[in-house]
Protein chains: 2
Amino acid sequence: MTRTATLPDIRPAAPTAGDATRVAVSTVIFTLRRDRGADRASVVIPLVRRTRDPHEGLWALPGGWLDVAESLDTAAARTLAETTGLAPSFLEQLYAFGAVERSPSRVVSIVYWALLRSDEVIAADARENVQWFDAASLPRLAFDHNEIVDYALWRLRNKAGYSRIAHGLLADEFTLAQLREVYEAVLGRRLDPANFRRQVENSGNLIPTERFRTGSHRPARVYRYNQDVELADRGPLVRH
Amino acid sequence: MTRTATLPDIRPAAPTAGDATRVAVSTVIFTLRRDRGADRASVVIPLVRRTRDPHEGLWALPGGWLDVAESLDTAAARTLAETTGLAPSFLEQLYAFGAVERSPSRVVSIVYWALLRSDEVIAADARENVQWFDAASLPRLAFDHNEIVDYALWRLRNKAGYSRIAHGLLADEFTLAQLREVYEAVLGRRLDPANFRRQVENSGNLIPTERFRTGSHRPARVYRYNQDVELADRGPLVRH
DNA sequence: TCAAAAGTGTTGCTGCTACACCCATGG
DNA sequence: CCATGGGTGTAGCAGCAACACTTTTGA
C-alpha cells in the first residue's frame with residue numbers, strides 16, 4: 001500500500017527478460033483548485049517525483065507496471081492508489097504510447113485519464129513525493145509525459161463540449177454557479193450565466209432540489225445530477 | 001513478406017518468457033463495397049482465418065506481435081501489410097484491450113482502425129486466408145474481436161459526424177453523389193442530396209474541378225479534397 | 001439602499017430540414 | 001419527350017449568443 005511513490009523503475013528488473021517489451025500504466029488526474037482571491041478556478045494535476053534513474057528527480061505521471069493477472073483498468077486504479085492514494089470517480093483509457101525511444105528500455109504505456117471531485121482530493125496531499133501542478137504551466141516532465149498531459153488536456157476540453165464531464169469534478173450537490181465555474185475552468189473562457197442555465201436545464205441531466213445555498217447574496221438553488229442519464233460516450237464498451 | 005496470414009501464435013513462443021505479458025497489434029480495416037444491384041453500399045472489413053490453436057479456424061482481425069524496435073504505429077502498418085497486403089490511407093489508434101481472460105496467455109492488444117480507399121482494395125483479394133465480411137453481420141470471431149469491431153464501428157460513425165472521414169474511403173476525385181453514398185453507408189441512413197451538397201460545400205473541405213463525370217443522366221461535377229484543411233482531431237499528437 | 005449574484009424574457013442570427021422547383025442528359 | 005439524377009431556392013423550426021431586465025439577499 002505504501003510503496004515508494006514513483007514511476008516504475010525502468011532498469012531491467014527481475015520478472016522479465018532484459019530485452020522484452022514491458023507494459024506500464026499511467027494516469028493523468030485532473031481536478032480543480034480554487035485559489036483564494038483568484039477569480040477563476042484552475043485545472044491541476046498531481047505528479048510524482050522520480051526517485052530512480054531514468055529521469056531521477058524529474059516529475060512524472062503516477063503509474064506502475066501492469067501485473068500479469070490484472071486488467072488494464074484495474075492496473076490503472078491500483079497504481080494510482082499506490083502512488084498517490086487517490087481513487088477517482090471517473091477513470092477512462094486515453095491512449096497507448098509506444099514510441100521506441102520514449103524510454104531507455106522498451107516500454108509501452110497505456111495511459112488513463114481521471115477526474116477527481118473536489119471532495120476527494122484531501123487524501124493525496126499528505127503524500128511524500130506527490131505534488132499538485134497547474135496543468136497550464138508544467139515544468140519539464142520525465143519521458144514523454146509533457147506530450148501526454150497535453151493530449152489529455154485536449155481530450156478533457158473536447159469532451160466537455162458534448163459530455164457531462166463536470167460530474168467527475170463536483171460533489172453530489174452543487175449550485176449552477178459552481179457548475180459553471182467548472183466549465184469555465186476547463187474551457188478557459190467565460191460563459192454567460194443566463195444561457196448556461198438554460199442549456200444545462202434543458203439537457204435533462206440535472207435535478208433541482210428544494211435546498212438553497214446561501215452565500216454572499218441571493219441564495220442559489222442546489223442541484224444534483226440525474227443518475228439515470230449515464231453518459232453513453234464509450235460506445236459498446238462495457239465497464240467492469 | 002508472404003508470411004502465413006494469421007493472428008500471432010498465442011502459445012508461449014521462443015523470444016519471451018512463458019508467463020510474461022506480450023503486446024500484440026491488430027487493426028480493423030474499413031472499406032465500402034458496392035454490390036451490383038444493391039441500392040446502398042455496405043461497410044466491409046477483411047478478416048484472417050486463424051491457422052493455429054487458440055481459436056484455430058475462426059476468423060480474426062489482422063495483426064501480429066509488436067517488435068522491440070518498432071513503434072506502435074509502425075507495427076500496425078507492418079502487420080497489416082504482412083497479413084493482408086493492404087496499405088491504408090488512414091490509420092489511427094483505437095483502443096488498448098487488456099482483459100486478463102481475453103486469450104489463454106496474457107496478451108495486451110493495441111488495436112488500430114484504418115480506412116481504405118476504393119482504389120486501394122484490389123491487392124488484398126488474392127490472399128489466401130483473407131476474406132471480406134459485411135461489418136453489420138459478422139460470424140463469431142476469435143478472442144474478443146467481435147467486441148472490438150463493434151467499438152470500431154461506433155467510432156467510425158461517431159467520427160463521420162464531425163470529421164472528414166470519407167476522405168479515407170474515396171479516390172482523389174469524386175462526385176457529390178459518391179461522397180454522399182459514403183456517408184449514407186457509414187451512417188446507415190439516407191441523406192437529402194440538396195442539403196448534403198450545401199453542408200459539404202460550406203465546410204470548405206472540397207475543391208470543385210472543371211471536370212464532369214458523365215453517367216446515366218446529367219453529368220455531375222467532379223470534386224477533390226482540399227489538402228490544406230487537415231483534420232485536426234488527433235489534438236496535439238503529431239504523426240510520424 | 002446599494003451592490004452583486006440569481007434568475008427570466010426577448011431578439012436576432014445561424015444552421016439545419018423538408019420540400020418545391022428548375023436543369024441537363026441518355027435513351 | 002420523358003425519366004432520372006444534378007443542382008438551386010426557400011420557408012420554417014430549433015438552438016444559441018447577446019443583453020436588457022427583475023428578484024433576492026447581505027452588508
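Each chain gets a letter, A, B and so on, in the order its sequence line appears, and its residues count up from 1. Quick note: numbers below take in every heavy atom, side chains included, and nothing from hydrogens, waters or symmetry partners. This one's a predicted model, so the numbers in the text were calculated from it and none came from an experiment.
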Euclidean distance, atom CD of residue B:Gln199 to atom P of D:dG7 [Å, nearest integer]: 17 Å
Atom-to-atom span, CG of B:Asn202 to P of D:dG7 - whole angstrom: 15 Å
Protein-nucleotide distance (A:Gln178, atom CD; C:dA5, atom C1'), rounded to Å: 13 Å
Ring center gap for A:Phe143 and A:Phe97 short of 6.0 angstrom: no
B:Arg213 CZ to D:dG6 P, straight-line distance once rounded to whole Å: 12 Å
Atom-pair distance (CZ on B:Phe196; C1' on D:dT8), nearest Å: 17 Å
Between P of D:dT4 and CZ of B:Arg180, the distance in whole Å: 16 Å
Phosphate OP1/OP2 of D:dT8 contacted by B:Arg197 side-chain N/O (<4.0 Å): yes
Centroid-centroid distance, A:Phe90 to A:Trp113, less than 6.0 Å: yes
Donor + acceptor pair across side chains of A:Arg155, A:Asn158 (<3.5 Å): no
Helix axis bend for the helix from C:dT1-D:dA27 to C:dG27-D:dC1 - C1'-based end axes, five pairs, 10° rounding: 0°
Spacing between A:Arg211 atom CZ and C:dA6 atom C1', to the nearest angstrom: 17 Å
From B:Leu116 atom CG to B:Leu86 atom CG, the distance as rounded to the nearest 0.5 Å: 5.5 Å
Donor-acceptor pair between A:Arg102 and A:Ser109 side chains, under 3.5 angstrom: yes
Reported CD1-to-CG distance for the pair A:Ile165 and A:Leu187, which is rounded to 0.5 angstrom: 11.0 Å
Interatomic distance, A:Glu181 CD vs C:dA5 C1' [rounded to whole Å]: 14 Å
Identified side chain to side chain contact (heavy atoms under 4.5 Å, CB included) counterpart of B:Leu32 within the set B:Val182, B:Leu115, B:Leu170: B:Val182
Nucleotides 19-27 of chain D: protein proximity per nucleotide (B base, S sugar-phosphate only, - neither; heavy atom, under 4.0 Å): B---BBBS-
Partner set under ring pair (Phe, Tyr, Trp, His ring centres under 6.0 Å) for B:Phe196, not counting sequence neighbours: B:Tyr183
is_close_aromatic(A:Tyr151, A:Tyr95), centroid dist under 6.0 Å: yes
